[in-house]
Undergrad: 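First the structure, then my questions, so here it is.
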Amino acid sequence: MKGYAMLSIGETGWIEKERPACGPDDAIIRPLAISPCTSDVHTVWAGALGERHNMILGHEGCGVVDEVGSNVKDFKVGDRIMVAAITPDWQSIAAQEGYPMHSGGMLAGWKFSNFKDGVFGEYFHVNDADGNLAHLPDSISPEEACMLSDMVPTGFHGVELADVKFGDTVLVIGIGPVGLMAVAGTSLRGASRIIAVGTRPNCIEAAKAYGASDFVNYKDGDIAEQVMELTNGKGVDKVIVAGGNNDTFETAVKVVKPGGTIGNVNYLGEGTYIQIPRVEWGVGMGHKKIVGGLMPGGRARLEKLGSLVTSGRLDVSIMLTHKFHGFEHIEEALMLMKDKPRDLIKPVVVL
Ligand code: NDP
Ligand code: ZN
């Protein structure tokens, strides 16, 4: 079969590979739509996972079941399915302890385009099919389903990590697709005020549609100063970090109130340490919590998040700015994600 792969750090291209083999608990999927992610860009051009040779990229997609193993109960050949970017081993101790994303080691629930070939192939392999697939409802289009692989569950995980509650004032740093879903999830959780940080006009419009009430341009000066001014020196109840760099933590600690929580889903790609400002962290006694996490994955979560789309409570189509038709456009879509033109939110390829 054909696939679009990371050939080595900094190099991508089309390759030929064997169709993946199906174990007794697994499924083989033929993709219906796929989407490249900022994480694919980090994997290839920042070498975020270390060196990989001829590994098919991609972890956002949906498809049709082409083969199932003998133990798989709830899915059969021909079923249209969704699948999350994170596909844990649901029988692992880590999953039983509530951290399926770390089954097999820290972050090891992330298997696509990390420990095995990803979804940018003519077929892809899903482990633990009954735990990791969900039926794709007719009312969700394949391109919308791609957003349920990673952008929705990751952005919403930021909301869970920050523990957003009714009436909270929340700062969302970064309003690319992940941050936009953090804004949408924050709205659904009942925040009273959502301050969003970003500059791309498309993203600002989308953030407004998802419920952001105030905007901060990080290019106009210090984010913390701007947020303190907007809140009359009070700061915010919660911060969700979905963009920015290592300095973002200093900002988050400065603006969150005592008792507040910072939820990070951003990839930190540089340096050995991140800094926490001592005084603003209450000289160690400020009750300012910092939590970072990879999203959990799994069928139950996919079904629940999907039901937000089918009920009309969440419109993911706002994010789909660039649509392509045909497998051969995967390269173009990935390059868009790498170059991030200012009108881009998310590209998707329908196959
Ligand atoms: P984008 O690049 O589309 O968005 C990044 C956002 O951060 C933009 O709004 C950008 O603003 C803003 N930004 C850039 N620099 C700064 C800065 N210095 N200070 C404040 N804001 C800044 O990324 P994605 O939404 O696709 O992904 C966001 C992050 O989430 C990535 O690091 C990605 O790897 C990670 N991720 C994590 C996952 C997980 O499971 N934890 C899964 C998927 C992704 P502007 O409008 O100017 O572009
Ligand atoms: Zn992704």
Side-chain angles (χ1 to χ4, degrees), residues 34-46 48-49 57-61 83-87 101-102 107 109-110 112-114 118-120 146-161 171-184 195-207 212 215-224 226-227 239-252 255 263-270 291-297 301 319 321-322 334 336-348:
I34 57 93
S35 182
C37 179
T38 303
S39 302
D40 290 305
V41 174
H42 293 147
T43 299
V44 177
W45 287 281
L49 305 172
L57 288 162
H59 52 263
E60 299 180 13
V83 61
I86 307 302
T87 52
M101 66 296 269
H102 303 301
L107 309 179
W110 178 10
F112 288 133
S113 65
N114 184 5
V119 305
F120 294 176
C146 289
M147 300 301 100
L148 286 158
S149 287
D150 192 358
M151 299 300 95
V152 179
T154 294
F156 278 48
H157 194 47
V159 181
E160 292 164 335
L161 293 173
L171 175 67
V172 178
I173 303 180
I175 46 170
V178 173
L180 286 173
M181 288 301 94
V183 170
I195 306 171
V197 182
T199 70
R200 280 180 271 163
N202 262 0
C203 295
I204 290 173
E205 280 314 305
F215 290 88
V216 164
N217 184 331
Y218 62 92
K219 293 178 182 167
D220 282 351
D222 187 58
I223 299 172
Q226 296 185 65
V227 171
V239 182
I240 300 170
V241 184
N245 49 36
N246 291 7
D247 297 340
T248 313
F249 281 91
E250 294 192 42
T251 302
V255 301
N264 180 77
V265 288
N266 191 36
Y267 161 73
L268 296 173
E270 275 164 25
V291 200
L294 181 70
M295 59 107 148
R301 188 174 170 83
M319 293 188 290
T321 50
H322 292 64
L334 178 67
L336 270 179
M337 212 56 192
K338 176 172 179 261
D339 299 337
K340 299 247 162 95
R342 287 191 66 78
D343 63 343
L344 177 86
I345 301 182
K346 195 78 184 174
V348 67

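Atom set for the values below is all heavy atoms of this structure, side chains included, hydrogens, waters and symmetry mates excluded. In what follows, residues are counted from 1 in the order of the sequence shown. In each ligand, atom 1 is the first atom listed, and ligand 1 is the first ligand listed.
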Undergrad: Under 4.0 Å from a heavy atom of S39: which atoms of ligand 1 are those, numbered in the order shown and with their elements?
TA: 34 (O), 36 (N), 43 (C), 44 (C)
Undergrad: At the Zn ion (ligand 2), what's the angle from H59 NE2 to C37 SG, rounded to 10 degrees?
TA: 110°
Undergrad: List every atom of ligand 1 that sits less than 4.0 Å from any heavy atom of G243, numbering the atoms from 1 in the order shown and giving each element.
TA: 7 (O)
Undergrad: Considering only protein heavy atoms, which is closest to atom 19 (N) of ligand 1, and at what distance to one decimal place?
TA: Y218 CG, 3.6 Å
Undergrad: With heavy atoms of G293 as the reference, note each atom of ligand 1 found under 4.0 Å away.
TA: 41 (N)
Undergrad: For atom 42 (C) of ligand 1, which protein heavy atom lies nearest, and how many Å away is it?
TA: D150 OD1, 3.2 Å
Undergrad: For the side chain of S35 and the backbone of P347, is there at least one donor-acceptor N/O pair under 3.5 Å apart?
TA: yes
Undergrad: Hey, looking at atom 6 (C) of ligand 1, which of P177, G174, G269 has the closest heavy atom?
TA: G174
Undergrad: Measuring from atom 33 (C) of ligand 1, which candidate in M101, R342, H42, K346 has the nearest non-hydrogen atom?
TA: H42
Undergrad: Side chain of N114, backbone of W110: donor and acceptor closer than 3.5 Å?
TA: yes
Undergrad: What is the closest protein heavy atom to atom 25 (O) of ligand 1, and at what distance does it sit?
TA: V178 N, 3.1 Å
Undergrad: Among R200, K219, M295, which one has a heavy atom closest to atom 8 (C) of ligand 1?
TA: R200
Undergrad: Under a 3.5 Å distance rule, please check whether R200 uses its side chain to pair with a backbone N or O of D343 as donor and acceptor.
TA: no
Undergrad: Check each atom of ligand 1 against the heavy atoms of I223 and keep those under 4.0 Å away; list them by number with element.
TA: 19 (N), 20 (C)
Undergrad: Need the ligand 1 atom indices (1-based, order shown) with element for anything under 4.0 Å from a heavy-atom of A242.
TA: 28 (C), 29 (C)
Undergrad: With a 4.5 Å heavy-atom cut-off, do L161 and V265 have their side chains touching?
TA: yes
Undergrad: Donor-acceptor pair, Q226 side chain versus G221 backbone, under 3.5 Å?
TA: yes
Undergrad: Any donor-acceptor pair under 3.5 Å linking the side chain of T248 with the backbone of G244?
TA: no
Undergrad: So if I count the atoms of ligand 1 from 1 in the order they appear, which ones are less than 4.0 Å from some heavy atom of I173?
TA: 20 (C)
Undergrad: Does some side-chain heavy atom of V83 sit less than 4.5 Å from a side-chain heavy atom of F112?
TA: yes
Undergrad: So, R342 side chain and T199 main chain: donor-acceptor pair closer than 3.5 Å or not?
TA: yes
Undergrad: In the protein, what heavy atom is nearest to atom 30 (O) of ligand 1, and what distance, to one decimal place, separates them?
TA: V265 O, 3.6 Å
Undergrad: Tell me, please: is I86 in heavy-atom contact with ligand 1, that is, under 4.0 Å?
TA: no
Undergrad: Considering only non-hydrogen protein atoms, determine which one is nearest to atom 39 (C) of ligand 1 and report residue, atom name and distance to 0.1 Å.
TA: T154 CG2, 3.4 Å
Undergrad: Specify the protein heavy atom at minimum distance from atom 31 (C) of ligand 1: its residue, its atom name, and the distance to 0.1 Å.
TA: N266 OD1, 3.6 Å
Undergrad: List the closest protein heavy-atom neighbour of atom 9 (O) of ligand 1: residue, atom name, distance to the nearest 0.1 Å.
TA: I175 N, 2.8 Å
Undergrad: Of all the N, O or S atoms in D150, which one sits nearest to the Zn ion (ligand 2)?
TA: OD2
Undergrad: Using a strict cut-off of less than 4.0 Å between a Lys/Arg side-chain nitrogen and an Asp/Glu carboxylate oxygen, indicate whether E60 and K346 qualify as a salt bridge.
TA: yes
Undergrad: So that I can check it, does any N, O or S atom in E60 come closer than 2.8 Å to the Zn ion (ligand 2)?
TA: yes
Undergrad: Could you check whether any heavy atom of N245 sits closer than 4.0 Å to an atom of ligand 1, since that is the contact criterion I want to use?
TA: yes
Undergrad: Would P153 count as a contact of ligand 1 if the rule is a heavy atom under 4.0 Å away?
TA: no
Undergrad: Can you report which non-hydrogen protein atom sits closest to atom 26 (O) of ligand 1, along with the distance?
TA: T38 OG1, 2.5 Å
Undergrad: How about I173 and V239: do any of their side-chain heavy atoms sit closer than 4.5 Å?
TA: yes
Undergrad: How many angstroms lie between atom CG of N264 and atom CG of L294, to the nearest 0.5 angstrom?
TA: 11.5 Å
Undergrad: Does D339 reach the main-chain N or O of L336 with its side chain, forming a donor-acceptor pair under 3.5 Å?
TA: no
Undergrad: Give the atoms of ligand 1, by number and element, whose distance to some non-hydrogen atom of G198 is under 4.0 Å.
TA: 11 (O), 46 (O)
